[in-house]
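Have a look at the structure below, then the notes.
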Amino acid sequence: MKLKTYTAGTMALALAEVKKDLGKDAMILHTRVYKHGAVMGLGGKQVVEITASDQATSAPPRRQSEPEALVRTPSRAPQSVPVVESKPAARPLVTRVEVAPVNDAALASLREDLSAIRRLVGQALANNAGTPGTLHGPLADLYARLRDEGIAPGTADALLAAVRSDISAHDMGDHARVASALSKRLAMLVSCVGAITPGHRQSDGRPLTIALVGPTGVGKTTTIAKLAAAYKLRFAKKVGLVTCDTYRIAAVEQLRTYASIISLPLKVALSDADVAEACKALGDHDVIILDTPGRSQHDSPRLDELAACVRAAAPHETHLVLSAAVAPQVLARAASHFSRVKPDRVIITKLDEAVNFGPLVNILRESGLRASYFTTGQEVPDQIEVASPARLASLVVGQGLSPSTNTTQPARAIGAAIG
Ligand code: GDP
């Protein structure tokens, strides 16, 4: 059996390729439509990918985890090509889509359109003076770095123009100078809180109340332990913990373990009323930190429940916790869905696992939220720092995560940065 993957700009073009290569009886085993070159899910070129076999009667390859009964062999249909499409588990695993036969005249016209578009794009690029194609030296390297890091194209172009205006032609060949100018400009694009909030009674007479919200697994509980340790051990504050993450026993146990190591009271709240009650009971403390259940962004009712739970604590700070280790689209989706909980700042975790730092700049710009803390590892209480624009910029420009590895912007230890 011959198995091949074909890609094209449209389904019709991809199918034509399949037909040309494998014949009209080809069996389509899988189709996928994705954007190539998209940034934060925007822009990019649509790509249709088809995996096909030349043997219409053979069964499609099956993933190890799929039960045999769920994988069927599509039957042949005259004048049409059956498509077997993989779906997320909640939906039926096998669906059949009838695709109309490709008309040669329509195909020829599509090809013409496509080459006309190619010509136009080529002309537009050629007319665009000052584009990266005309760059050289450090500026070219750093522009490529911005794009590789996932900085949105418009932002990268604007940064380029700004750096050109900041630096004399004479200094343009000096990599360190250009990198430093770029870092400064990049840092101006994001805003950060800049200090750990002093842990004392607020103007409303209540303890400083901090809630952390965000998807499961981003590191909320670990970060709460780091923050609680900072307030208690470095600033000698009286700290209490409340959790309403009671859907997972392990989550409560995890927080209970941290609470007992740091010697903090922990209140477990089963309802919104419990949350309010727990906060009231800890009213003589300096700081209360609320752990919340991670929510799937697809689960609207649960997000509403989460919002109600947070409201019950009436926090002074609501930190949306986002992991730097996920794809840009996942980051953007999480920020969009959790906006319902009305966070007023962002904690970025797992910087140590990030593949690219550009999406973090994009998400902070798009959400309009200030970053409060960065975390850089699993170790409690140390691997947390006060977020700083310069630090993020230096990571994007390539100056490294570790203070010992060539970074001009070392981490601001949380203890050194109280506001
Ligand atoms: P939660 O579900 O959001 O409460 O997430 P947890 O606090 O349980 O953390 C999930 C996993 O991420 C655990 O294995 C943590 O040790 C890990 N984790 C948390 N913060 C960081 C970090 O900054 N870097 C790395 N590499 N792992 C982290």
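In listed order, ligands and their atoms are each counted from 1.
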Could you give the side-chain donor-acceptor pairs of residues 279-290 under 3.5 Å, partners two or more places apart or in another chain?
from, atom 1, to, atom 2, distance (Å)
Asp284, OD2, Lys238, NZ, 3.1
His285, ND1, Leu282, O, 3.4
Asp286, OD2, Lys238, N, 2.7

Counting only non-hydrogen atoms and a 4.0 Å cut-off, the residues near ligand 1 are Pro215, Thr216, Gly217, Val218, Gly219, Lys220, Thr221, Thr222, Arg248, Gln254, Lys350, Asp352, Glu353, Thr375, Thr376, Gly377, Gln378

### Message
One thing to verify: whether Lys220 and Asp291 come together as a salt bridge, which I'm taking to mean a side-chain N less than 4.0 angstrom from a carboxylate O.
### Response
no

Rounded to the nearest 0.5 Å, the CG atom of Leu160 sits from the OG atom of Ser165 at a distance of 10.5 Å

Show me the donor-acceptor pairs within less than 3.5 Å that the side chains of residues 185-194 make with the rest of the protein, sequence neighbours left out.
from, atom 1, to, atom 2, distance (Å)
Arg185, NE, Asp166, OD2, 2.7
Arg185, NH2, Asp166, OD1, 2.9

Judged by modelled atom types alone, do Thr197 and Glu317 share a side-chain donor-acceptor pair under 3.5 Å? yes

Residue pairs meeting ring-ring contact (aromatic ring centres under 6.0 Å, His included), one or both in residues 302-332, sequence neighbours left out, come to His319-Tyr373

